[in-house]
Amino acid sequence: MKEKDYPQFLSQLIHSYKDNVDFLSIRLESSQGSNIKMRNGQIENISEGTSIGGQVRACRKGGWGFATFNDLTQIADCISDAISAAQLIGDDETVLAEVEPVVTSCKLPLTGTNPRLIHLSQKKDLVGRCDRILNSYHKDITSTTVRYSDIQQKIVLATSEGSLIEQTWIDSEMRFSATAKRGELVQTGRETTGTRRGFEDLLNLDKQIESAAKRAVNALDLPTVKGGTYTVVIDPILAGLFVHEAFGHLSEADMAYENPDLLEVMTMGRKFGGEFLQIFDGAQPEGHRGSYYYDDEGVPATTTQLIKDGVLVGRLHSRETAGKLREKPTGNARCLNYHYPPIVRMTNTWIGKGNTPVKDLFSNIKEGVYARNWLGGMTNGEMFTFTAGEAWMIRDGIIAEPVKNVTLSGNVFKTLANIEAIGDDFYWDESGGCGKGGQNGLAVGCGSPSLRIKDVVIGGEN
């Protein structure tokens with residue numbers, strides 16, 4: 001079967017089975033991609049691949065059935081399996097927020113060259129050049145890793161309600177890591193960048209690559225921060241990670257719906273921060289890694305305001321969570337690929353720009369910490385811990401000596417309430433790969449201005 005015949009084929013299948021369930025969808029996915037990994041100047045993996053496969057979702061009396069296939073001849077059997085599973089477990093009612101059926105074909109625009117048109121040897125040369133920048137930075141660099149990946153995905157989604165959507169996008173990513181060692185001391189610096197705009201965005205990254213090696217080497221000589229509670233200023237990259245990991249996941253309605261205690265905490269109208277605090281999520285803004293036109297249930301992309309003037313006003317939905325909570329769908333049902341069902345996921349998440357000049361964020365801080373970039377982190381419900389990529393002490397309103405091993409910990413709701421000022425800068429970080437429900441590495445965007453936050457627990461030496 002030719003690719004151009006997929007939409008009509010899926011429509012005919014849906015029509016044949018739709019009377020057996022309350023809802024039925026088929027998502028067919030074809031993809032092409034490259035992957036390269038170089039460690040210490042040696043290629044460990046280089047590959048180009050293509051795949052085709054799909055998934056079937058069926059719902060009857062509130063019960064969901066799910067099946068996958070990677071052979072078009074298996075579709076009919078998968079539909080039957082998904083329907084049987086839904087019929088077996090369904091014992092309630094199907095509640096899905098209503099959406100208008102859509103018939104369309106769309107492609108996320110590129111502003112540069114499609115990486116799929118770049119020869120694999122050129123991508124290999126790019127990886128090798130990046131590795132040489134890392135290795136040549138300093139004699140204390142003992143280990144380097146460079147990863148390159150790109151993928152072009154074409155999705156055809158057909159639903160029993162009449163939607164038939166073709167959507168294509170391209171995503172690329174590079175990751176750089178350098179480890180420096182001196183005696184028993186070991187430090188690591190990392191950088192990641194990604195794009196859905198074109199191959200050129202992965203070129204001319206020398207300063208960013210070098211910064212990974214620089215941070216690793218510099219940290220060998222830095223003192224460890226003294227642990228305690230400080231007023232901190234964090235840059236847009238670390239602030240973007242914070243809003244995504246610490247607050248964004250709590251805004252995903254499946255987490256709230258399945259956790260009555262969290263649903264009570266995340267009550268609409270509850271005040272979480274100052275009137276200057278605005279938080280958004282949405283796939284509608286173009287050009288970011290979490291951008292698209294329709295989610296994996298056929299819901300149009302939106303921009304959802306989560307916090308307005310410090311007050312909770314929205315959350316992120318699939319059609320099912322929106323229906324059960326009697327709220328509007330937001331177009332946030334996403335799956336990593338056809339092996340997984342769509343679940344509620346963030347897209348591009350950001351804090352709105354403030355009006356405080358960045359230099360004024362440091363004013364009147366007798367002793368504090370300025371933290372930039374990120375090295376790692378984790379969240380557990382309302383609690384978070386992030387490790388900054390680099391940091392400095394603030395003394396009497398001035399950025400002073402650099403320090404290392406700066407971890408920021410706290411309760412997200414208390415931390416939101418402790419934001420004292422929001423900078424007039426703003427930066428989009430396209431390095432994100434989000435994980436949830438076993439679906440790791442889903443492309444997202446994060447954006448924020450710089451933030452000043454009081455009473456943040458900083459881990460370090462006692």
Side-chain angles (χ1 to χ4, degrees), residues 36-45 126-148 173-193 205-235 237-238 241-242 245 365 367-379 384-396 398-410 429 431 433 456-462:
I36 305 173
K37 179 182 177 182
M38 176 175 284
R39 188 188 298 273
N40 300 327
Q42 300 295 319
I43 293 290
E44 286 195 351
N45 173 63
L126 173 63
V127 170
R129 181 177 180 278
C130 296
D131 183 79
R132 288 191 295 274
I133 293 173
L134 292 173
N135 270 298
S136 63
Y137 179 77
H138 195 277
K139 61 181 178 59
D140 288 335
I141 296 294
T142 59
S143 178
T144 60
T145 302
V146 179
R147 298 173 185 264
Y148 171 94
E173 183 180 87
M174 292 196 75
R175 294 177 176 265
F176 318 105
S177 173
T179 298
K181 183 177 181 181
R182 187 183 303 150
E184 298 299 317
L185 293 176
V186 178
Q187 295 290 328
T188 299
R190 296 188 181 94
E191 285 282 346
T192 303
T193 188
L205 298 175
D206 294 19
K207 289 184 178 179
Q208 186 174 354
I209 300 166
E210 190 176 273
S211 70
K214 180 180 179 181
R215 289 201 302 273
V217 172
N218 288 352
L220 294 174
D221 296 316
L222 297 182
T224 299
V225 67
K226 181 181 179 181
T229 300
Y230 296 90
T231 294
V232 303
V233 177
I234 61 176
D235 81 322
I237 295 178
L238 187 54
L241 175 69
F242 166 74
E245 290 288 356
I365 298 178
E367 184 181 52
V369 174
Y370 175 43
R372 292 181 53 187
N373 215 311
W374 57 272
L375 192 60
M378 61 177 292
T379 60
F384 67 87
T385 299
F386 300 132
T387 302
E390 52 188 335
W392 295 258
M393 296 304 299
I394 303 170
R395 301 193 187 280
D396 297 320
I398 303 297
I399 298 175
E401 75 276 12
V403 290
K404 66 181 179 182
N405 297 343
V406 171
T407 61
L408 299 81
S409 302
D429 180 17
S431 67
V456 177
V457 175
I458 299 292
E461 289 185 344
N462 292 326

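- When all heavy atoms of T142 and N40 are compared, the closest pair comes out as O-OD1, 4.0 Å.
- Of all non-hydrogen atoms in V406 and V403, the two that sit nearest each other are CG2-CG2, 3.8 Å.
- The minimum heavy-atom distance between K404 and L220, with the atom names listed, is NZ-O, 4.3 Å.
- Within 6.0 Å of CG in L185 there are more than 12 heavy atoms belonging to other residues, nucleotides or ligands.
- Once rounded to the nearest 0.5 Å, the distance linking CD1 of I394 with OH of Y230 reads 11.0 Å.
- Taking every heavy atom of both residues into account, G189 and A216 meet most closely at N-CB, 3.6 Å.
- Remark: the T387 side chain and the T407 side chain contain no N/O donor-acceptor pair separated by less than 3.5 Å.
- What you find for I133 and S136 is that their closest heavy atoms are O-OG, 3.4 Å.
- We find the OG1-CG distance between T193 and D429 to be 8.0 Å, quoted to the nearest 0.5 Å.
- Atoms CD and OG, from E191 and S431 in turn, are 8.0 Å apart once rounded to the nearest 0.5 Å.
- Looking only at side-chain heavy atoms (C-beta outward), V146 and M174 come within less than 4.5 Å of each other.
- E44 is not listed as a side-chain neighbour of M38, based on a closest heavy-atom distance of 4.5 Å or more.
- Interatomic distance, CD of E367 versus OG1 of T231, reported as 10.5 Å (0.5 Å rounding).
- Sparse packing is recorded around NZ of K214, with 12 or fewer heavy atoms of other residues, nucleotides or ligands lying under 6.0 Å away.
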(request) For Y137 and T144, run side chain to side chain contact (heavy atoms under 4.5 Å, CB included): C-alpha distance rounded to whole Å, both residues' side-chain angles, the deciding distance at 0.1 Å, then the answer. (result) CA-CA 11 Å; Y137 179 77; T144 60; over 6 Å; no
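- With sequence neighbours excluded, the residues that form a side-chain contact (heavy atoms from CB on, under 4.5 Å) with D235 are I237, L238, Y370, R372.
- Looking at I36 and L126, their side chains never come closer than 4.5 Å, going by heavy atoms from C-beta outward.
- Taking each heavy atom of V225 and G459 in turn, the nearest pair found is CG1-O, 3.4 Å.
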(request) Report the C-alpha distance between K37 and T145 in whole Å, list the side-chain angles of each, state the deciding distance to 0.1 Å, and finish with yes or no for side chain to side chain contact (heavy atoms under 4.5 Å, CB included). (result) CA-CA 7 Å; K37 179 182 177 182; T145 302; 4.2 Å; yes
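- When the shell of 6.0 Å around CD of E401 is examined, it contains more than 12 heavy atoms from other residues, nucleotides or ligands.
- Sequence neighbours left out, the pairs with a member in residues 130-147 that pass salt bridge (charged side-chain N to carboxylate O under 4.0 Å, His left out) are D140-R182.
- Contact of the R129 side chain with the D206 side chain is registered, since non-hydrogen atoms from C-beta on lie closer than 4.5 Å.
- Annotation: the span from Y148 atom OH to E173 atom CD amounts to 11.0 Å, rounded to 0.5 Å.
- Although no hydrogens or angles enter the test, the distance criterion places a donor-acceptor pair under 3.5 Å between the side chain of R215 and the main chain of R190.
- With rounding to the nearest 0.5 angstrom, the CD1 atom of I399 is 7.5 Å from the CH2 atom of W392.
- Side chains of I458 and L408 form a contact here, defined as non-hydrogen atoms less than 4.5 Å apart.
- Residues that satisfy the ring-ring contact (aromatic ring centres under 6.0 Å, His included) test with F384, not counting sequence neighbours, are F242, F386.
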